[in-house]
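Everything quoted here is computed from the prediction, not taken from an experiment. Heavy-atom basis, side chains included; hydrogens, waters and symmetry copies ignored.
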Amino acid sequence: MMTNTEYSNELACALNGYRALIIPDLSNSDARHWLSVWERNIPRSRRILMHDWSSPDWVKWRNSIIASLISIDEPVVLIAEGFGALAAASVAAEYPGKIIAAFLVDPADPEEFDLRKKIPKQHLPAPTKIVIRTQTHTKSALLAALWSTDLSNAPAQTQGEFWPEGAHALQRLMNKTQRKAEELTQARTKKVLAYLRGLQHTNQLKQVRYQIN
């Protein structure tokens with residue numbers, strides 16, 4: 001079994017220095033829950049604030065996530081579960097500039113909370129992974145298809161709530177995020193170089209015309 005130090009190091013390496021915003025399910029997460037364990041072991045992580053954790057108030061949950069994003073002056077990784085995962089996906093669809101990636105665990109069934117018309121209906125702009133700790137169920141597969149996200153099963157194989165399988169799934173998501181960032185950087189570099197070459201060619205033509213005249 002992993003030690004606290006080993007677990008903390010693995011989570012920190014997986015996030016690659018990015019801050020994590022923790023978004024629990026209804027009723028919050030007690031001290032032994034994997035989300036609380038992650039919060040304690042991820043440097044500079046923060047949990048959203050709610051006055052009433054038991055009420056599935058869509059607007060208040062979204063507002064709490066947005067308020068946390070605004071208060072953190074750098075991009076973050078959303079780590080969410082259950083009802084909180086639905087709210088996190090909704091915010092991720094609207095604030096791509098503030099969200100590096102979204103790690104959504106066992107998202108709730110939107111039908112259960114009459115949210116079918118309120119959840120995103122399109123590809124989420126930030127790299128996203130839906131992870132199921134139990135057997136993959138149809139609703140999660142439908143959400144993954146709707147949002148064009150990865151879907152994987154990562155049941156806990158060890159005692160306690162360290163959930164190293166989840167840490168590995170987070171690492172894979174962040175690796176994909178890093179590759180996407182590198183691809184975007186390379187694409188922007190190619191555009192800039194093409195633009196500079198175009199300017200150089202234009203200036204050369206101007207010089208030739210000047211010499212002829």
Side-chain angles (χ1 to χ4, degrees), residues 1-4 6-16 18-42 45-48 50 53-54 56 61 64-65 76-92 99-113 115-116 119-120 124 126-177:
M1 185 174 179
M2 300 176 70
T3 65
N4 282 321
E6 291 171 338
Y7 197 53
S8 181
N9 289 341
E10 182 162 358
L11 288 169
C13 290
L15 285 168
N16 196 26
Y18 289 113
R19 295 190 66 172
L21 181 60
I22 306 296
I23 308 164
D25 195 0
L26 292 169
S27 300
N28 206 349
S29 303
D30 63 27
R32 295 184 49 130
H33 191 278
W34 71 269
L35 258 180
S36 296
V37 175
W38 278 30
E39 182 183 4
R40 292 194 298 272
N41 285 278
I42 295 175
S45 64
R46 181 183 296 183
R47 182 183 299 233
I48 65 168
M50 291 290 298
W53 286 98
S54 62
W61 279 74
S64 180
I65 297 172
V76 301
V77 177
L78 301 182
I79 300 178
E81 183 182 41
F83 185 85
L86 295 181
S90 174
V91 174
I99 297 170
I100 293 295
F103 187 76
L104 310 178
V105 180
D106 293 332
D109 181 356
E111 299 283 355
E112 182 180 348
F113 301 97
L115 295 175
R116 183 171 54 85
I119 62 172
L124 296 183
T128 303
K129 177 183 281 292
I130 293 178
V131 180
I132 307 302
R133 280 168 57 91
T134 56
Q135 290 187 349
T136 302
H137 51 78
T138 305
K139 294 296 181 181
S140 294
L142 290 175
L143 290 176
L146 185 64
W147 299 335
S148 300
T149 68
D150 292 338
L151 175 66
S152 63
N153 184 269
Q157 302 291 341
T158 59
Q159 295 293 329
E161 287 297 337
F162 273 7
W163 196 32
E165 299 80 13
H168 298 158
L170 176 63
Q171 177 72 73
R172 289 191 291 271
L173 170 63
M174 296 309 296
N175 288 342
K176 180 179 179 180
T177 302

Please identify each residue that fulfils ring-ring contact (aromatic ring centres under 6.0 Å, His included) with W147, with sequence neighbours left out.
none

S140 and I130: which non-hydrogen atoms are nearest, and at how many Å?
O-CD1, 4.1 Å

Does Q171 form a side chain to side chain contact (heavy atoms under 4.5 Å, CB included) with E10? I'd like the steps, not just the answer.
CA-CA 9 Å; Q171 177 72 73; E10 182 162 358; 5.8 Å; no

To the nearest 0.5 Å, tell me how far I42 CD1 sits from L170 CG.
7.0 Å

Side chain to side chain contact (heavy atoms under 4.5 Å, CB included) between R47 and S29, worked out
CA-CA 10 Å; R47 182 183 299 233; S29 303; 3.9 Å; yes

Test log, rule salt bridge (charged side-chain N to carboxylate O under 4.0 Å, His left out), inputs D150 and R172
CA-CA 10 Å; D150 292 338; R172 289 191 291 271; over 6 Å; no

Taking the side chain as C-beta and beyond, is there a heavy-atom pair between I48 and P24 under 4.5 Å?
yes

Looking at side-chain heavy atoms only, is the closest gap between L173 and P127 below 4.5 Å?
yes

At their closest point, which heavy atom of A85 faces which heavy atom of V105, and how far apart are they?
CB-O, 4.3 Å

With no hydrogens and no angle check, is any side-chain donor or acceptor of D25 less than 3.5 Å from a backbone partner on F83?
yes

Over all heavy atoms of both residues, which pair between A154 and W163 is shortest? Give the atoms and the distance, please.
O-NE1, 2.7 Å

To the nearest 0.5 Å, what is the distance between CG (L104) and NZ (K129)?
11.0 Å

Which pair of heavy atoms, one from V131 and one from A169, lies closest together, and at what distance?
CG2-CB, 4.2 Å

I100 side, atom CD1; L21 side, atom CG - distance, nearest 0.5 Å
13.0 Å

Run the side chain to side chain donor-acceptor pair (under 3.5 Å) test against N9 and tell me which residues pass, sequence neighbours left out.
none

Looking only at atom types and distance, does a side-chain atom of D106 sit under 3.5 Å from a main-chain N or O of R133, one as donor and one as acceptor?
yes

Between P120 and S90, the two heavy atoms sitting closest are CG-CA, 3.7 Å

Pairwise distance CG(L143) to OG1(T149) - rounded to 0.5 angstrom
8.0 Å

Student check: side-chain heavy atoms of V91 and W61 closer than 4.5 Å:
no

In Å, rounded to the nearest 0.5 Å, how long is the span from CD1 of I22 to OG of S45?
5.0 Å

Main-chain N/O of D30 paired with S36 side-chain donor or acceptor, under 3.5 Å
yes

S148 vs T128 side-chain heavy atoms within contact, under 4.5 Å
no

How many angstroms lie between CG in L35 and CD1 in I79, if you round to the nearest 0.5 Å?
7.5 Å

For R19, the side chain to side chain donor-acceptor pair (under 3.5 Å) test, sequence neighbours excluded, returns none

On a heavy-atom basis, the closest approach of L78 and A88 is CD1-O, 3.7 Å

is_close_aromatic(W38, F103), centroid dist under 6.0 Å:
yes

